[in-house]
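Here the structure comes first, spelled out in structure tokens, and everything after it is commentary.
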Amino acid sequence: MWSDRRTTTTRPVLYLFGSAAPPVFDVAKVVADAQGRGFDVCLGLTPTAARWLEPQRAELERITGHPVRSAYKLPGEPDVWPKADVITVAPATFNTVNAWALGITRDFVVGVVAEGIGKGIPMVAMPCVNAAYARHRQFERSITELREMGVRVLYGEDGFVPNQPGQGKPEQYPWHLLLDTVEDITLAR
């Protein structure tokens, strides 16, 4: 049973949310990097990403000190994470970006970030899509919509640059840009 840690942390709390794209397999390294930068990290995953990382779940919970979440809690259940100071969504897939921008909150991760906009929680997203998805008109509309709602979207020259289908290089996903931006936001507050 997890204790309620909302009042026990003094480090800034980072909600690190990931979608099902190959860079998500490196999330343990990203957690360690964020912790090294002074963050208390809570890890949330889309349902497919959670399925991909199920073999690592116990280890991810051990290194974060929090349950890994991929589903909404039941009404009346206590919150098991401390309140977020900043939220990231990376890798953010085509589906996650579009659902978030359109307010389709079927999944826990998208529901939290959609509500986070209204709560004024600083958020950073870094997509991970191939060039074919990026050419879909809705994707660019969604990126624009998220930016207009105040989300820092690291996409294009200063973030993730799409690759051609089947030519992904997950080891080159720019996680450092995400965490640098989170640090900048936290220091500015």
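- Partners of R141 under the side-chain contact (heavy atoms from CB on, under 4.5 Å) rule, at least two apart in sequence or in another chain, are R137, Q138.
- Here Q56 pairs with nothing under the side-chain hydrogen bond (donor to acceptor under 3.5 Å, both in side chains) rule; sequence neighbours left out.
- Taking every heavy atom of both residues into account, V68 and E61 meet most closely at N-OE2, 3.0 Å.
- At least one donor-acceptor pair closer than 3.5 Å links the side chain of Q35 to the backbone N or O of I63.
- With sequence neighbours excluded, the residues forming a side-chain hydrogen bond (donor to acceptor under 3.5 Å, both in side chains) with S19 are T96, listed by chain and number.
- Residue L43 comes nearest to W81 through the heavy atom pair O-CZ2, 3.2 Å, listed as atom of the first residue, atom of the second, then distance.
- In this structure, I104 shares a hydrophobic cluster with L102, the cluster being traced through Ile, Leu, Val, Met, Phe, Trp and Tyr side chains under 4.5 angstrom apart.
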Working note: W100 + I117, criterion side chain to side chain contact (heavy atoms under 4.5 Å, CB included); need CA distance, chi angles, decisive distance, verdict. CA-CA 10 Å; W100 183 7; I117 289 171; 3.4 Å; yes
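- Grouped with V161 in a hydrophobic cluster is no other residue, since no side-chain heavy-atom contact under 4.5 Å to another Ile, Leu, Val, Met, Phe, Trp or Tyr is found.
- Residues satisfying the side-chain hydrogen bond (donor to acceptor under 3.5 Å, both in side chains) criterion with E183, sequence neighbours excluded, are R37.
- Residues W175 and P23 meet the side-chain proximity criterion, which asks for heavy atoms closer than 4.5 Å.
- Shown here for R57 and A50, the closest heavy-atom pair between the two residues is NH1-CB, 4.4 Å.
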Counting only pairs under 3.5 Å, give me each side-chain donor-acceptor contact of residues 85-92, with atom names and distances, residues two or more places apart or in other chains.
{"from": "D85", "atom 1": "OD2", "to": "V13", "atom 2": "N", "distance (Å)": "2.6"}
{"from": "T88", "atom 1": "OG1", "to": "Y15", "atom 2": "O", "distance (Å)": "3.4"}

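- Not one N or O on the side chain of R69 forms a donor-acceptor pair closer than 3.5 Å with the backbone of G44.
- Contact of the P82 side chain with the D40 side chain is registered, since non-hydrogen atoms from C-beta on lie closer than 4.5 Å.
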Where do H176 and D33 land on the side-chain hydrogen bond (donor to acceptor under 3.5 Å, both in side chains) test, with the steps shown first? CA-CA 9 Å; H176 66 283; D33 188 359; over 6 Å; no
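- For E54, the CD atom is densely surrounded, since the number of other residues' heavy atoms within 6.0 Å is greater than 12.
- With no hydrogens or angles considered, no side-chain donor-acceptor pair links N98 and H136 at under 3.5 Å.
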Can you check side chain to side chain contact (heavy atoms under 4.5 Å, CB included) on D79 and K73, steps first, answer last? CA-CA 8 Å; D79 287 334; K73 67 182 186 68; 3.0 Å; yes
Report the C-alpha separation of T93 and V97 in whole Å, then their side-chain angles, then the decisive distance to 0.1 Å, and conclude whether the side chain to side chain contact (heavy atoms under 4.5 Å, CB included) test is met. CA-CA 6 Å; T93 60; V97 167; over 6 Å; no
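- Contact record, V24 with L45: CG2-CD2, 4.1 Å, taken as the closest heavy-atom pair.
- Sorted by first then second residue, the salt bridge (charged side-chain N to carboxylate O under 4.0 Å, His left out) pairs that include residues 13-30, not counting sequence neighbours, are D26-K29.
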For residues 119-131, tabulate all N or O donor-acceptor pairs below 3.5 Å that involve a side-chain atom, not counting sequence neighbours.
{"from": "N130", "atom 1": "OD1", "to": "A132", "atom 2": "N", "distance (Å)": "2.9"}
{"from": "N130", "atom 1": "OD1", "to": "Y133", "atom 2": "N", "distance (Å)": "3.0"}

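- Residue pairs satisfying the ring-ring contact (aromatic ring centres under 6.0 Å, His included) criterion with at least one member in residues 142-163, sequence neighbours excluded, are listed as follows: F139-Y155, F160-Y173.
- Among all heavy-atom pairs drawn from V113 and F17, the shortest one is CG1-CD1, 3.7 Å.
- Evaluation of the side-chain contact (heavy atoms from CB on, under 4.5 Å) rule for A71 yields no partner, not counting sequence neighbours.
- Smallest separation of non-hydrogen atoms from Y72 and D107: OH-O, 3.3 Å.
- Here salt bridge (charged side-chain N to carboxylate O under 4.0 Å, His left out) pairs that include residues 149-177, with residues two or more places apart or in two chains, number zero.
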